[in-house]
Amino acid sequence: MSETPGDLAAWLDFISLQHSKEIELGLERLSLVAEQLKLRPFKCPLITVAGTNGKGSSVTALERIYTAAGYRTGCYTSPHLTTYNERIRLQRDFVTDEMLCEAFHRINTARDDIPLTYFEFSTLAAFIIFQEFEPDLVLLEVGLGGRLDATNLYPADIALITSIGIDHADWLGNDRETIAIEKAGIIHPGKTVVIADPEPPQSLLKIAHDRAGAVFQLNRDFHYDLMESAWNWHCNQKDLIAMPLPGLHGHAQLNNIAGVIMSVMALQRDLPTDDEILRETLPELTLAGRFQVIDGTPLLVLDVAHNPDSTALLAENLRGQNCAGETFAVVAMLKDKDIEMSLSNLRSNIDRWYVAGLTVARGESENNIRNIIQKIDPGKSVHVFATVEEAWQQAVKQSSSIDRVVGFGSFHTVGAIICDLARTR
């Protein structure tokens, strides 16, 4: 594409074809293109968030806290649910199609014949936009791993590492200790690391203490006490008493927010933030697709849970939610996930399964998911559909006013449901 089209969809189709692989870890190609674009490390503080689960929640919490405090924020997350523009935000607002098209044009011109993946195009576009916006703070969510991820092009002032579980094993390894080495790659010499995993792998701790200038570890350097309707947060220099509970549900989210608050405290010298901002912001924290509850009859719940740790949290949240009737599950997943273990965590919470396939390249077929469910949850009814939309519509139609319908399994799954709800409500 030699000219600058204003059609974002055309650009997204184009960039998806510019590398032979969907995922290609490594920073060499990205560095070459960034140099051609004359990109440089950000002039403002940078927080990069890595981990298996909790990255998006943590980044969004930081974004809302600092925006509420009056700072100019640039935020990059992935993947998106319904529109690509969600990935890059300025002051919590999605960037425009025009900004993205211009950035893609500049990248495509600068790269010459260097192949870039879809994610690398996206990351460079975010960097271009942030450089022009000149924010007070840049927030980056790691796409995959950390050490070789495109978001690790520039060293983070604060590396926030959330819970580490087993996911993306083909790229990162089959055990937590190995995976943690990749996540710890976002820790740079002399910088600060905040570890929000309550049971961090030893490999992560070793790298953190060998490399970082300051290490703040959950349950060692900071901790919290949970009460019935509030919580207390503590570190050596600070106590926050009777804080309102975050709007995000689940015990794991408290670990995430505890790490977020520690990051805010670690950055106080550069970006002072009043305690009152935290008190005002925390109860309002919500994020689409993270135990997102849509009130009505039947009760609707959306969650992007797609690996064993996240489905365990979903199961915990479902147990804590009042439901007088049955629970209908609408699920579609990617084939490179641990589908059997992920679904096993939920079998005691689900009464009826509505299974769909995903048409994306890595999507698992509806028949394979059905076979897994019949193996792990024999005796339960399993209905199979070609699309997520069909499965969702039938689950809602066949449920009663006292029932609950839960859609989960992937960003693709929840995104399709959200779009369907927008069309039908």
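The shown structure was predicted, so the numbers you read here are calculated from the model rather than taken from an experiment.
Separation of atoms CG (Asp270) and SG (Cys44) is listed at 10.0 Å; rounding is to 0.5 Å. Rounding to the nearest 0.5 angstrom, the gap separating the CD atom in Glu177 from the OG atom in Ser203 is 4.0 Å. With rounding to the nearest 0.5 angstrom, the CD1 atom of Ile88 is 8.0 Å from the OG1 atom of Thr123. Summarising the geometry, atom CZ belonging to Phe411 is positioned 11.0 Å from atom CG belonging to Leu334; distances are rounded to the nearest 0.5 Å. For the atom pair CD (Gln131) and NZ (Lys43), the distance works out to 7.5 Å, reported to the nearest 0.5 Å. Atoms CG and CG, from Leu245 and Leu254 in turn, are 6.5 Å apart once rounded to the nearest 0.5 Å.
Side-chain atoms of Glu120 come within 3.5 Å of backbone N or O of Thr117 as a donor-acceptor pair. Between the Arg290 side chain and the Ala288 main chain, a donor and an acceptor come within less than 3.5 Å of each other. No donor-acceptor pair under 3.5 Å is formed between the side chain of Lys375 and the backbone N or O of Asn371. At least one donor-acceptor pair closer than 3.5 Å links the side chain of Asn345 to the backbone N or O of Pro308. At distances below 3.5 Å, at least one donor-acceptor pair connects side-chain atoms of Trp233 with backbone N or O atoms of Ala258. Looking at Glu35, its side chain never comes within 3.5 Å of a backbone N or O of Leu32 through a donor-acceptor pair. In terms of modelled atom types and a separation under 3.5 Å, the side chain of Thr327 and the main chain of Ile350 share no donor-acceptor contact. Looking only at distances, a side-chain donor or acceptor of Gln292 sits under 3.5 Å from a matching main-chain atom of Gly289. Although no hydrogens or angles enter the test, the distance criterion places a donor-acceptor pair under 3.5 Å between the side chain of Asp157 and the main chain of Leu46. Remark: side-chain polar atoms of Asp149 are paired, donor with acceptor, to backbone N or O of Leu144 under 3.5 angstrom.
No side-chain N or O of Thr273 forms a donor-acceptor pair with one of Tyr71 less than 3.5 Å apart. A donor-acceptor contact under 3.5 angstrom links the side chains of Asp420 and Gln393, judged on distance only. Residues Thr387 and Glu390 have side chains that bring a donor and an acceptor to within less than 3.5 angstrom of each other. Side-chain contact of Asp97 with Asn85: a donor-acceptor pair under 3.5 Å is present, judged by distance alone. Side-chain atoms of Trp231 and Asp225 include no donor-acceptor pair closer than 3.5 Å. Between the side chains of Asp239 and His234, at least one donor N or O sits under 3.5 Å from an acceptor N or O. No hydrogens or angles considered: nothing links the side chains of Gln217 and Asp221 as a donor-acceptor pair under 3.5 Å. Side chains of Asp175 and Thr178: a donor on one and an acceptor on the other come within 3.5 Å.
For Arg176 and Asp197, the salt-bridge test passes: some basic side-chain N is under 4.0 Å from an acidic carboxylate O. By the 4.0 Å N-to-carboxylate-O rule, Glu141 lies too far from Arg87 to be salt-bridged with it. Under 4.0 Å is where a charged nitrogen must lie from a carboxylate oxygen, and between Arg92 and Glu63 no such pair does. With respect to the salt-bridge test (charged N to carboxylate O, under 4.0 angstrom), the residues Glu284 and Arg64 do not qualify. Salt-bridge formation is detected for the pair Glu132/Arg106: a Lys NZ or Arg NE/NH1/NH2 atom is positioned less than 4.0 Å from an Asp or Glu carboxylate oxygen.
Considering Phe328, Trp392, Tyr354 in turn, Tyr354 is the only one that fulfils the ring pair (Phe, Tyr, Trp, His ring centres under 6.0 Å) rule with His383. When each of Glu102, Arg89, Met99 is checked for a side chain to side chain contact (heavy atoms under 4.5 Å, CB included) with Ile129, only Met99 meets the rule. When each of Val405, Ile418, Ile417, Leu302 is tested with Ile294 by the rule side chain to side chain contact (heavy atoms under 4.5 Å, CB included), just one qualifies, namely Leu302. Each of Tyr76, Tyr154, Phe133 was scored for a ring pair (Phe, Tyr, Trp, His ring centres under 6.0 Å) with Phe42, with one residue passing: Tyr154. Of the residues Thr52, Asp338, Asn53, the one that meets the side-chain hydrogen bond (donor to acceptor under 3.5 Å, both in side chains) test with Asn307 is Asn53.
When all heavy atoms of Asn255 and Pro198 are compared, the pair lying nearest together is ND2-CG, 3.7 Å. Here the closest non-hydrogen pair linking Leu318 and Arg404 is O-NH1, 3.1 Å. Here the closest heavy-atom approach between residue Val264 and residue Ile65 is recorded as CG2-CG2, 4.3 Å. Here the closest non-hydrogen pair linking Ala212 and Ile187 is CB-CG2, 3.8 Å. The two residues Val388 and Ala332 have their closest heavy-atom pair at CG2-CB, 3.8 Å. When all heavy atoms of Ala416 and Glu389 are compared, the closest pair comes out as CB-OE2, 3.6 Å.
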Point to revise | Test side chain to side chain donor-acceptor pair (under 3.5 Å) applied to Gln253 and Ser57, step by step | key: CA-CA 8 Å; Gln253 291 290 11; Ser57 301; 3.1 Å; yes
Exercise for review: Give the C-alpha distance, both sets of side-chain angles, the deciding distance and a yes or no for side-chain contact (heavy atoms from CB on, under 4.5 Å) between Cys235 and Met262.
Suggested key: CA-CA 8 Å; Cys235 73; Met262 187 69 253; 4.2 Å; yes
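Using cut-offs of 30° and 60° for the angle between ring planes, the His251 and Tyr224 rings count as tilted.
No side-chain heavy atom of Thr73 sits less than 4.5 Å from a side-chain heavy atom of Val138. Counting heavy atoms from C-beta on, the side chains of Val194 and Ile161 never come closer than 4.5 Å.
Atom CE of Met265 has more than 12 neighbouring heavy atoms from other residues, nucleotides or ligands inside a 6.0 Å radius.
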